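I have placed the structure first, in the form of structure tokens, so that the comments after it can refer back to it.
Everything numeric in this text was worked out from a predicted model, so none of it was measured.
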Amino acid sequence: MGCGRVGATLAQSLESNGHGVAVIDQNPDAFRRLDAHFGGRKVTGLGFDRDTLIQAGIEDAYGFAAVSDGDNSNILAARVVRETFGIENVVARIYDPHRAEIYQRLGIPTVATVRWTSDRVLRRLLPLGATDEFRDSSGQIQLAQVDVHTGWVGRPLRTLEEASGARVAYVTRYGDGVLPSADTVLQENDTVHVLMRATEADKVERVLTQAPKVES
């Protein structure tokens with residue numbers, strides 16, 4: 001639902017990967033954003049209207065993305081699709097970060113556009129810190145990229161886990177993802193991605209962005 005820049009790009013990406021796609025927008029002129037060779041359905045209407053959804057093929061759908069410009073419309077559509085049609089794979093774009101957190105806890109996966117953008121701008125301005133990359137549907141478990149102090153370089157990743165209480169999910173090394181083993185050592189320029197409880201994020205960030213304590 002929503003054929004703005006995000007919706008059009010998403011629809012075309014899905015189609016190029018071999019998926020059948022239907023796009024809903026209440027403004028028929030919005031479909032002009034789609035490439036001329038786009039072969040999916042273009043349905044004019046409201047994305048939370050049952051008849052419109054049925055026309056778009058929701059009864060046979062695998063997933064639904066609500067990416068219009070309206071938070072209320074996106075959440076309403078996501079709830080109708082999940083609760084009325086039983087579609088499990090639903091995601092809604094939300095501009096208001098506070099609302100996004102609430103709906104995330106209600107089990108509706110959200111993409112908080114404003115928070116996501118501001119986090120990445122802050123990463124460029126203030127390189128030491130943590131960037132939220134994913135949260136489970138309850139919002140309690142967080143996958144985050146953490147900028148690790150150079151003092152940890154040369155140490156086994158398990159020492160980072162023991163000190164912070166987080167788990168190292170994977171490391172990006174020279175552009176490649178690396179699944180760590182028990183003996184994997186942090187190298188210079190590695191990017192570390194950790195799993196942790198959201199309530200412990202401040203502690204994990206505080207520990208890993210500082211040099212490790214010197215053992216006596």
Side-chain angles (χ1 to χ4, degrees), residues 1-125 131-139 141-145 198:
M1 182 187 81
C3 196
R5 293 183 181 89
V6 172
T9 301
L10 177 61
Q12 287 163 174
S13 296
L14 287 167
E15 187 178 60
S16 67
N17 286 320
H19 299 284
V21 184
V23 184
I24 301 171
D25 200 290
Q26 59 183 330
N27 180 8
D29 291 336
F31 298 126
R32 295 177 182 175
R33 294 189 177 92
L34 296 166
D35 291 341
H37 56 74
F38 178 72
R41 301 185 198 179
K42 304 170 187 176
V43 180
T44 302
L46 297 174
F48 47 81
D49 177 73
R50 284 173 53 96
D51 292 337
T52 300
L53 288 165
I54 291 172
Q55 184 183 349
I58 194 65
E59 293 169 311
D60 299 317
Y62 174 79
F64 179 81
V67 291
S68 76
D69 290 334
D71 284 6
N72 290 336
S73 297
N74 288 341
I75 285 298
L76 180 57
R79 294 192 63 179
V80 169
V81 166
R82 170 167 283 186
E83 297 169 11
T84 302
F85 295 98
I87 306 299
E88 291 295 328
N89 297 305
V90 175
V91 63
R93 178 174 71 172
I94 302 296
Y95 286 99
D96 185 335
H98 300 295
R99 277 187 176 182
E101 292 175 3
I102 292 171
Y103 291 119
Q104 193 86 19
R105 287 196 289 269
L106 291 175
I108 300 175
T110 61
V111 176
T113 305
V114 173
R115 175 66 56 80
W116 186 91
T117 302
S118 65
D119 283 345
R120 275 142 188 81
V121 171
L122 281 171
R123 175 159 293 277
R124 301 304 185 272
L125 294 173
T131 300
D132 199 348
E133 295 182 316
F134 174 81
R135 296 202 185 196
D136 76 311
S137 58
S138 70
I141 304 301
Q142 176 181 357
L143 174 66
Q145 175 185 324

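Glu15 places no side-chain N or O within 3.5 Å of a backbone atom of Val21 that could act as its donor or acceptor partner.
Taken from OG1 in Thr9 to CZ in Arg33, the straight-line distance is 10.0 Å, to the nearest 0.5 Å. To the nearest 0.5 Å, atoms CZ (Phe64) and CD1 (Ile24) are separated by 5.5 Å. In this structure, the separation between CG on Asn27 and OG on Ser68 is 12.5 Å, given to the nearest 0.5 Å. Atoms CG and CG, on Asp71 and Leu76 in that order, are 12.5 Å from each other to the nearest 0.5 Å. In this structure, the separation between CZ on Phe48 and CG on Asn72 is 9.5 Å, given to the nearest 0.5 Å. With values rounded to the nearest 0.5 angstrom, Asp49 atom CG is found 8.5 Å from Ile54 atom CD1.
Residues Glu59 and Leu53 have side chains not in contact (no heavy-atom distance under 4.5 Å, counting atoms from C-beta outward). Looking only at side-chain heavy atoms (C-beta outward), Met1 and Ser73 come within less than 4.5 Å of each other.
Atom CZ of Arg82 sits in a crowded spot, with more than 12 heavy atoms from other residues, nucleotides or ligands closer than 6.0 Å. At most 12 non-hydrogen atoms from other residues, nucleotides or ligands lie less than 6.0 angstrom from CD of Gln26.
Residues Arg41 and Gly57 share a closest heavy-atom pair of NH1-N, 3.4 Å.
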